[in-house]
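I am attaching a structure below and will ask some questions about it afterwards.
Numbering starts at 1 and runs along the sequence shown.
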Amino acid sequence: MKFALFSLMMNLPNAVTGEVLTTQQKFHNILQQAQLAERLGFDAYGIGERHGAPFLSSSPPVVLTAIAAATSRIRLLTTVTVLSILDPVRVAEDYATLDQLSGGRLELIIGKGNDPRHYPLFGIREEQQWDSLDERYHLLKRLWSEENVTWEGTYRPPLDGVTTWPRPLQKSIPIWHGSASSTLSTELAAKYGEPLFTSNSFHPQAKYKALIDHYRERLTYYGHDAQQAVIGSGAGSLYLASTGEEAIRRYKPYYEAFHATAAAQHNQSPFTDLEDNIARGPVLIGSPEQVISKILDYHAAYGHQVLSISVDGLTHSEQLEQVERFATEVVPVLRRELPSSVWNDPPLLTEHEGPFVPKPTDIWPSAISPIFQV
């Protein structure tokens, strides 16, 4: 199995300490997370896209470019790019630029988004989200694979002989399809034989398994080999401790604070409390042995090759503790038990001269980069 550390960059008062980060401090923290993930051997780091408070992740290509400059190996993912509201020409340009600057480390996860507030901001109605995603996806694919594109659709003005510039460094930037609630996403992924990333965040296993099963069925229908399906999965939140009881006690304030937010309420999670989510849901809260057992159970249901975790909202010291414990006490067992062929080939940067990668102190002078709490 391969591993990614993801963030939505939600910036709320800390549920335990009450401390509030400035916007700049939160950006510094995200950069430190990505550097830590690379040092500990994670395969990828991802930034989601949200528009509006308390999320600071409205510009993933900008944030990921800063991360690209501060790292040298780790793959860079979007989790997700809300393609249903974005101009594919702008997406093609921004992410091709990031692909060039990062040395070919970019992979996109696309989706219609998980926050209805963004639709009026970008001029579409919520009921148009799926048609909009489908149209913009097909145009983005053409812009990256063709030159002199002539096109006409519903959600942006026509194009006549357009070649976006720069071109991506990779011959084909990998595109994953985010899946959370509808077979429309799994249908689109299956039609083109592209990988699927299930959010696996707010509901019992059976809901997400049904979507993954549909994806595999439709892969076969479209003539692809379902045995070669590539699937990633989220995991909700992570909190490891020596015992399950200690993990619950330490994490419960964070869980209750997050599930009181409007963003969490929108997903209508059926779990009554943290203990119920641990028993029936995706959160990884417990001892390393308990977390390993749960991941193995979910893998038996999903057959996923990539797992993402998040430590958003924790204090800085807890973030370090959790990412390090996961990397040293959980990851080695899962790499051994669940071998994966995904991402076995190195990014292009190892075959080319590669991007300029300054030292972290060249980006954030020590005078302005203290250890922040989150």
Side-chain angles (χ1 to χ4, degrees), residues 1 3-8 10-21 29 33 36-37 40 42 54 198-209 233-302 304 307-334 337 373-374:
M1 184 170 281
F3 300 92
L5 182 61
F6 284 179
S7 177
L8 281 172
M10 185 168 61
N11 198 27
L12 291 169
N14 185 274
V16 174
T17 67
E19 185 174 8
V20 180
L21 289 186
N29 172 257
Q33 271 193 23
L36 175 65
L40 292 173
F42 279 75
T198 178
S199 69
N200 192 46
S201 298
F202 297 103
H203 295 276
Q205 185 185 93
K207 176 176 180 176
Y208 302 111
K209 184 179 185 301
S233 175
S237 302
L238 170 76
Y239 208 101
L240 295 164
S242 298
T243 66
E245 293 76 14
E246 181 188 359
I248 291 171
R249 176 180 58 80
R250 293 176 63 182
Y251 186 69
K252 182 167 284 190
Y254 295 112
Y255 181 87
E256 293 176 348
F258 173 71
H259 282 270
T261 65
Q265 293 299 315
H266 169 72
N267 290 286
Q268 299 180 334
S269 181
F271 307 117
T272 57
D273 53 25
L274 176 57
E275 288 82 356
D276 187 33
N277 197 319
I278 293 171
R280 300 191 299 122
V283 294
L284 301 177
I285 312 298
S287 68
E289 294 77 16
Q290 290 171 326
V291 166
I292 289 168
S293 177
K294 188 166 194 176
I295 293 171
L296 290 172
D297 174 72
Y298 270 74
H299 179 268
Y302 297 168
H304 55 296
L307 176 71
S308 71
I309 63 165
S310 173
V311 292
D312 279 356
L314 306 181
T315 65
H316 179 76
S317 61
E318 286 174 307
Q319 287 184 23
L320 295 176
E321 174 195 14
Q322 292 304 314
V323 176
E324 289 179 356
R325 290 196 70 167
F326 187 81
T328 57
E329 300 178 45
V330 175
V331 166
V333 176
L334 296 174
E337 295 295 323
Q373 298 289 315
V374 293

Does anything in residues 276-298 pair up under ring pair (Phe, Tyr, Trp, His ring centres under 6.0 Å), and if so which pairs, sequence neighbours excluded?
Tyr298-Tyr302

Mind checking side-chain hydrogen bond (donor to acceptor under 3.5 Å, both in side chains) for Ser310 and listing every partner two or more places apart, or none if nothing turns up?
none

Those residues that, when tested against Tyr208, pass ring-ring contact (aromatic ring centres under 6.0 Å, His included) (two or more places apart)
none

Partners meeting salt bridge (charged side-chain N to carboxylate O under 4.0 Å, His left out) with Glu329 (sequence neighbours left out)
Arg325

Check side chain to side chain contact (heavy atoms under 4.5 Å, CB included) between Gln322 and all other residues, then give those that pass, not counting sequence neighbours.
Leu238, Tyr239, Leu240, Val311, Leu314

Asn11: side-chain hydrogen bond (donor to acceptor under 3.5 Å, both in side chains) partners, not counting sequence neighbours:
none

Check side chain to side chain contact (heavy atoms under 4.5 Å, CB included) between Ala279 and all other residues, then give those that pass, not counting sequence neighbours.
none

According to the salt bridge (Lys or Arg N to Asp or Glu O under 4.0 Å) rule, which pairs have a member within residues 233-254, sequence neighbours left out?
Glu246-Arg250, Arg250-Glu321, Lys252-Glu275

Run the side chain to side chain contact (heavy atoms under 4.5 Å, CB included) test against Ser201 and tell me which residues pass, sequence neighbours left out.
Ser199

Sequence neighbours excluded, the answer for ring-ring contact (aromatic ring centres under 6.0 Å, His included) partners of Phe42 is none

Once side chain to side chain contact (heavy atoms under 4.5 Å, CB included) is applied, do any residues pair with Pro13, and if so which ones, sequence neighbours excluded?
Val20

Taking the side chain as C-beta and beyond, is there a heavy-atom pair between Phe202 and Lys207 under 4.5 Å?
no

Residue pairs fulfilling salt bridge (Lys or Arg N to Asp or Glu O under 4.0 Å) with at least one residue in residues 280-292, sequence neighbours excluded
Asp276-Arg280

